[in-house]
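Accompanying notes for the structure given below.
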Amino acid sequence: MASKFQAPRGTFDVLPAAGRARARLQAVATGIFERAGYEMIQTPTFEDTDLFERGVGKSTDIVRKEMFTFEDKGERSLTLRPEGTAPICRAYLEHGMHKQAQPVKLSYVGPFFRHERPQAGRYRQFHQLGIEAIGTDSPLADAEVIMLLSDLLGELGVPGVALRLGSLGSLDARAAYLEELKAHLHRHEGDLTADVRERIDINPLRAFDSDDAGVQGVMASAPTILDALSAEDQEHFDEVRALLDAAGIGYELDGTLVRGIDYYTRTIFSFVCDALGGQSEIGGGGRYDGLIEQLGGPATPAVGWAAGIERILLALDEEEPRRGRDAFVAIADPEQRRRAMALVTELRNAGFSAEMDLAGRGLKGQLKHADRIGAARVLILEAGGTAQLRDMASGEQRAADTGNLLGEMTGGEA
RNA sequence: GUGGCUGUAGCUCAGCUGGUAGAGCUCCUGGUUGUGGUCCAGGCGGUCGGGGGUUCGAGUCCCCUCAGCCACCCCA
């Protein structure tokens, strides 16, 4: 360790080599969002702690043990945002966006914070991008939002992606279902493993994921949430499925799908990637028809998702190559320094990417550097004011008129 | 938060049963007093993650701690 300082646990530096892949991801996402009419919104990095306690849910792991919470000098309890949907709903209410044409379609990208034990694909400061369609309960919105995430992953070329789809029904139906499931588990406690038994009342849905044969036997006869949907919820879900089918988006129906946030209702979905290890969900979301009301606003249905930038990048596992420069201006004679600077500026103003030596290298070093940064051509300024234009790929070099530099650059493609 | 594995130059790694650190790549310079990508030579660069202990002596042994990874947990 060269320095005694390290990036804090679970955080990381994005160096230029990795930054290029992130930039591409963002550019692709921005294009998709803009074409679909989802406009960028930015909210603060921290919010009132209460916003997350009420929005995300006090009993969730996120609120109970993963938030970075602190007091400011006015003794306000603030929390580094662990997710993006509650803040956006807060902004929607605060700025009266319900008066705009509905639905309000928003997109976002930025850092989020959760105090978890770090692992590959799981960080304490991580980045998500996502979209929300607020103000409609139409299944069309559910389908649109899912299709956009599918498009994003497809356009990026993320391998091994699968979509899991489920429905939680209304909050009431879900609560009733969970009681029914717990009762079922309690009836068969004798066949459960100790860890599953301990979690019956905390997270009974987890029992569906057990590898234990005894537990699996119990779960085979367990009711699923999909059996417990109301007629309306069932109809809504059927329509979402029909729309995805019509769009040719494949999915796996999953009656045991779980979300870690309390605000979800009806449609939920998760995109998983088998190229990842333990943290295999690369994006997910669902409908949250009760959240805005929960935050003190009018009943407002909404649907959206978030995707993990680090996880997508991990799944892609690609280095974006560095783009070369159009030109490098080298000086064979120190007297030409000022002219070099003027010529580099002229090139840049004309739209070319151009660099010159800033390190005092000899001509050989400058050529070497030009090669290293991928310069297509090198303009060598000679003593007395003459110049040579060298094509780095072919090695061909000819006299050039610096008074007509742009002409020299565009013409005579060597 | 629990358990396990790992931690030596910027990067990838070597260093046997303890005797005060090495290679390749990168970078810089020279071979070519004005010309890159190959080659050759030289150089820069490490308090061996950090702290403490055992020992005449520790990168090598012990303890603590920090960080990464894996599983659990959870989720993006």
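To find a chain, count down the sequence lines: A is the first, B the second, and so on, and within it residues start at 1.
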Legend entry - Short side-chain N/O contact to B:A76 OP1/OP2 from A:Arg122, under 4.0 Å: no
Legend entry - Nucleotide B:C70, atom C1' - distance to CG of A:Leu276 in whole Å: 14 Å
Legend entry - Short N-O contact, A:Glu47 and A:Arg81, less than 4.0 angstrom: no
Inset, instruction - State the pairing partner of B:G18; accept Watson-Crick or G-U wobble contacts with both distances under 3.5 Å, and report none otherwise. - result: none
Inset, instruction - Could you state the atom-to-atom distance from CG of A:Leu257 to P of B:A76 in whole Å? - result: 11 Å
Inset, instruction - Looking at every strand, decide which applies to A:Gly285 at a 4.0 Å heavy-atom threshold: base, sugar-phosphate, or nothing. - result: nothing
Legend entry - 5′-ward residue of the pair A:Ala307/A:Ala120 relative to RNA chain B: A:Ala120
Legend entry - Sub-4.5 Å side-chain heavy-atom contact between A:Ile62 and A:Glu83: no
For nucleotides 4-7 of chain B, tabulate all protein N/O to nucleotide N/O atom pairs closer than 3.5 Å, reporting atom names and distance.
none

Inset, instruction - Tell me what A:Ala370 touches on the nucleic acid: a base, only sugar-phosphate, or nothing, going by heavy atoms under 4.0 Å. - result: nothing
Inset, instruction - Could you tell me whether A:Asp48 and A:Arg76 have a side-chain N and a carboxylate O separated by less than 4.0 Å? - result: no
Inset, instruction - Side-chain contact test, heavy atoms from C-beta onward, threshold under 4.5 Å: evaluate it for A:Phe126 versus A:Pro111 and give yes or no. - result: no
Legend entry - Pair partner, B:C25 [Watson-Crick or wobble, under 3.5 Å]: B:G10
Legend entry - Interatomic distance where CD belongs to A:Glu116 and C1' belongs to B:C72 [whole Å]: 13 Å
Inset, instruction - Please work out if A:Arg114 contacts a base, only the sugar-phosphate, or nothing of the nucleic acid, heavy-atom cut-off 4.0 Å. - result: base
Inset, instruction - Between B:C16 and B:G59, how far apart are the C1' atoms? Round to whole Å, please. - result: 14 Å
Legend entry - Value in whole Å for how far the C1' atom of B:C75 lies from CD1 of A:Ile268: 13 Å
Inset, instruction - Rounded to whole angstrom, note down the P distance from B:G24 over to B:C39. - result: 13 Å
Inset, instruction - Report yes if the side chains of A:Asp201 and A:His186 come closer than 4.5 Å at any heavy-atom pair, otherwise no. - result: yes
Legend entry - Base-pairing mate for B:C72 - Watson-Crick or G-U, with both contacts under 3.5 Å: B:G1
Inset, instruction - Assert yes or no for the condition that the ring centre distance of A:Phe12 to A:Tyr123 is strictly below 6.0 Å. - result: yes
Legend entry - Face-to-face stacking of A:Phe112 with B:A76, centres under 5.5 angstrom, angle under 30°: no
Legend entry - Note, A:Ile282 side chain near A:Leu276 side chain (heavy atom, < 4.5 Å): yes
Below 3.5 Å between N/O atoms, which protein atoms pair up with nucleotides 34-38 of chain B? Just atom names and distances, please.
| unit_1 | atom_1 | unit_2 | atom_2 | d |
| --- | --- | --- | --- | --- |
| B:G34 | N1 | A:Glu382 | OE2 | 3.0 |
| B:G34 | N2 | A:Glu382 | OE2 | 2.8 |
| B:U35 | O2 | A:Arg390 | NH1 | 3.4 |
| B:U35 | O2 | A:Gln397 | OE1 | 3.2 |
| B:U35 | N3 | A:Gln397 | OE1 | 3.2 |
| B:U35 | N3 | A:Gln397 | NE2 | 2.9 |
| B:U35 | O4 | A:Gln397 | NE2 | 2.9 |
| B:G36 | N7 | A:Arg390 | NH2 | 2.8 |
| B:G36 | O6 | A:Arg390 | NH2 | 3.1 |
| B:G36 | N1 | A:Met392 | O | 2.4 |
| B:G36 | N2 | A:Asp371 | OD1 | 2.9 |
| B:G36 | N2 | A:Met392 | O | 2.9 |
| B:G36 | N3 | A:Asp371 | OD1 | 3.4 |
| B:G37 | O4' | A:Asp371 | OD2 | 3.1 |

Legend entry - Separation of B:C75 P from A:Glu281 CD (nearest whole Å): 9 Å
Inset, instruction - Using the C1' atom on both, measure B:G30 against B:C44 and round to a whole Å. - result: 15 Å
Inset, instruction - Check every strand shown and say whether A:Ile261 touches a base, only sugar-phosphate, or nothing at a heavy-atom separation below 4.0 Å. - result: sugar-phosphate
Inset, instruction - Please state how far atom CG in A:Leu80 lies from atom P in B:A76, giving the value in whole angstrom units. - result: 17 Å
Legend entry - RNA chain B contacts made by residues 9-17 of chain A, counting heavy atoms under 4.0 Å: A:Arg9, A:Gly10
Legend entry - Comparing A:Arg311 and A:Ala7 on RNA chain B - which has the more 5′ nearest nucleotide: A:Ala7
Inset, instruction - Grab the OH-C1' distance between A:Tyr263 and B:C75 for me, whole Å please. - result: 12 Å
Legend entry - Nearest-Å distance for atom pair CZ/P, residues A:Arg164 and B:C75: 14 Å
Inset, instruction - Could you check if a side-chain atom of A:Phe269 sits within less than 4.5 angstrom of a side-chain atom of A:Tyr251, using non-hydrogen atoms only? - result: no
Inset, instruction - Quick one: do A:Arg377 and A:Glu408 satisfy salt bridge (charged side-chain N to carboxylate O under 4.0 Å, His left out)? Show the steps, please. - result: CA-CA 11 Å; A:Arg377 301 171 187 193; A:Glu408 297 280 5; over 6 Å; no
Legend entry - Over all atoms of both residues, closest heavy-atom pair of A:Glu320 and A:Arg20: O-NE, 2.8 Å
Inset, instruction - Determine the Euclidean distance between corresponding C1' atoms of B:A14 and B:U8; express it in Å to zero decimal places. - result: 9 Å
Legend entry - Note: A:Glu310-A:Arg122 ion pair, threshold 4.0 Å (strictly below): no
Legend entry - Separation of the C1' atoms in B:G50 and B:G68, to the nearest angstrom: 15 Å
Inset, instruction - May I ask you to check whether A:Tyr288 and A:Tyr263 place their ring centers less than 6.0 Å from one another? - result: yes
Legend entry - Min side-chain heavy-atom separation A:Arg90-A:Pro44 under 4.5 Å: yes
